[in-house]
J.: 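My questions all concern the structure below.
Here is the naming used below: chain letters follow the sequence lines, and residue numbers restart at 1 for every chain.
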Amino acid sequence: EVQLVESGGGLVKPGASLKLSCVASGFTFSDYWMSWVRQTPGKTMEWIGDIKYDGSYTNYAPSLKNRFTISRDNAKSTLYLQMSNVRSEDTATYYCTRVNTIAAIYWYFDFWGPGTMVTVSS
Amino acid sequence: DIVLTQSPTTMAASPGEKVTLTCRASSSVSYMNWYQQKPGASPKLWIYGTSKLASGVPNRFSGSGSGTSYSLIISSMETEDIATYYCQQCCSTLTFGSGTKLEIK
């Protein structure tokens, strides 16, 4: 059974840094691209970025690429999201997702973790 | 970025009623994916590649469309279909629609 479990969320002050983790199980982690998606309290969904299965390539939403960094440790089946200089608008639930790319034709998120909540407030 | 506009924002349907949810893109996209989210839960893949049902999705659901206009269709509404449905386009800068909340009448 595929499982993705995020951790590391909480209350942080504006300008601080935070690192989220996502432990994967039930599949060969190193075979898959992975992604982070966030959902604001108002339910707006925003893609943050992706990382290639071997960690050699990352792609980010333009509005976030200067502050957010995605990495992975395939030996630990763990995905990370480093957030820096956080702002109130970063308040959201952060989801770790597995990317499925069938024959490089379709790209979609086939499994999602339960999410970890990040609240940015002074 | 490609903007996805979903309509209606909210709708209520009676059991057995046919339901059509729409997603319009600001520019042409190759295909559309859909996710179902129930209150307090994370989203689930529902339809990918415009018309392919994810594993476990009832066959009363279908997807169609091309270019800038896509639809998720429920042939006969059931209580368990109460949820918010989001469309999502790929690629380059991936974006989501704002969702359609589906309620039972």
Side-chain angles (χ1 to χ4, degrees), chain A residues 1-7 9 22 24 26-27 32-52 57-65 68 70 92-117, chain B residues 1-6 8-10 21 23 25 29-57 61 63-66 70 72 82-103:
Chain A
E1 178 195 6
V2 172
Q3 286 198 320
L4 301 169
V5 180
E6 304 92 340
S7 62
C22 169
F27 66 101
Y32 287 84
W33 287 67
M34 298 293 293
S35 184
W36 287 96
V37 175
R38 69 183 183 181
Q39 186 171 36
T40 67
K43 301 303 182 185
T44 297
M45 302 273 284
E46 183 178 19
W47 168 72
I48 295 170
D50 308 309
I51 185 166
K52 193 175 180 180
Y57 176 79
T58 51
N59 186 32
Y60 298 93
S63 62
L64 298 174
K65 67 180 300 181
F68 288 15
I70 297 174
T93 297
Y94 286 73
Y95 294 105
C96 164
T97 69
R98 191 179 83 167
V99 178
N100 200 315
T101 59
I102 292 185
I105 296 175
Y106 302 121
W107 179 282
Y108 53 90
F109 307 125
D110 62 354
F111 287 95
W112 297 59
T116 188
M117 179 71 192
Chain B
D1 295 359
I2 294 177
V3 176
L4 300 180
T5 303
Q6 290 189 243
T9 303
T10 306
L21 310 183
C23 178
V29 298
S30 300
Y31 60 89
M32 194 64 69
N33 301 321
W34 295 85
Y35 301 86
Q36 181 198 66
Q37 186 177 33
K38 296 196 173 185
S42 51
K44 288 183 179 179
L45 176 68
W46 215 243
I47 294 174
Y48 66 94
T50 300
S51 60
K52 297 166 182 42
L53 301 186
S55 177
V57 174
F61 285 86
S64 66
S66 65
Y70 293 83
L72 180 156
I82 296 171
T84 300
Y85 294 85
Y86 294 91
C87 56
Q88 171 251 311
Q89 66 81 24
C90 167
C91 302
S92 182
T93 302
L94 190 153
T95 54
F96 290 87
S98 55
T100 292
K101 186 176 183 181
L102 182 58
E103 301 172 335

J.: Under the side chain to side chain contact (heavy atoms under 4.5 Å, CB included) rule, what do A/Trp107 and B/Leu94 come out as? Steps first, then yes or no, please.
T.: CA-CA 10 Å; A/Trp107 179 282; B/Leu94 190 153; 3.8 Å; yes
J.: Any non-hydrogen side-chain atom of A/Val37 less than 4.5 Å from a side-chain atom of B/Phe96?
T.: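 Sidechains of B/Phe96 and A/Val37: in contact.
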J.: Of all heavy-atom pairs between A/Tyr108 and B/Asn33, which one has the smallest distance, and what is that distance?
T.: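 For A/Tyr108 and B/Asn33, the tightest heavy-atom pair comes out as CB-ND2, 3.4 Å.
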J.: Take a 6.0 Å sphere around NZ of A/Lys65 and say whether it holds more than 12 heavy atoms from other residues, nucleotides or ligands.
T.: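 Result for NZ/A/Lys65: open.
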J.: Could you tell me whether the side chain of B/Gln37 reaches within less than 4.5 Å of the side chain of A/Gln39, counting heavy atoms only?
T.: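 Answer yes - side chains close enough.
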J.: Kindly assign one of parallel, tilted or perpendicular to the pair A/Tyr106 and B/Tyr31, based on the angle between their ring planes and the thresholds 30° and 60°.
T.: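 Rings of A/Tyr106 and B/Tyr31: perpendicular, over 60°.
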J.: From B/Ser42 OG over to A/Trp112 CH2, what is the distance, rounded to the nearest 0.5 angstrom?
T.: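 Those atoms lie 8.0 Å apart.
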J.: Which heavy atom of B/Thr93 sits nearest a heavy atom of A/Trp47, and at what distance?
T.: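 Taking every non-hydrogen atom into account, CA-CZ3, 4.0 Å.
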J.: When rounded to the nearest 0.5 angstrom, what is the spacing between CE in A/Met45 and CD in B/Gln88?
T.: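 Between atom CE of A/Met45 and atom CD of B/Gln88 there are 8.5 Å.
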J.: With a 4.5 angstrom heavy-atom cut-off, which part of A/Tyr95 approaches chain B: side chain, backbone, both or neither?
T.: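 Interface part for A/Tyr95: side chain.
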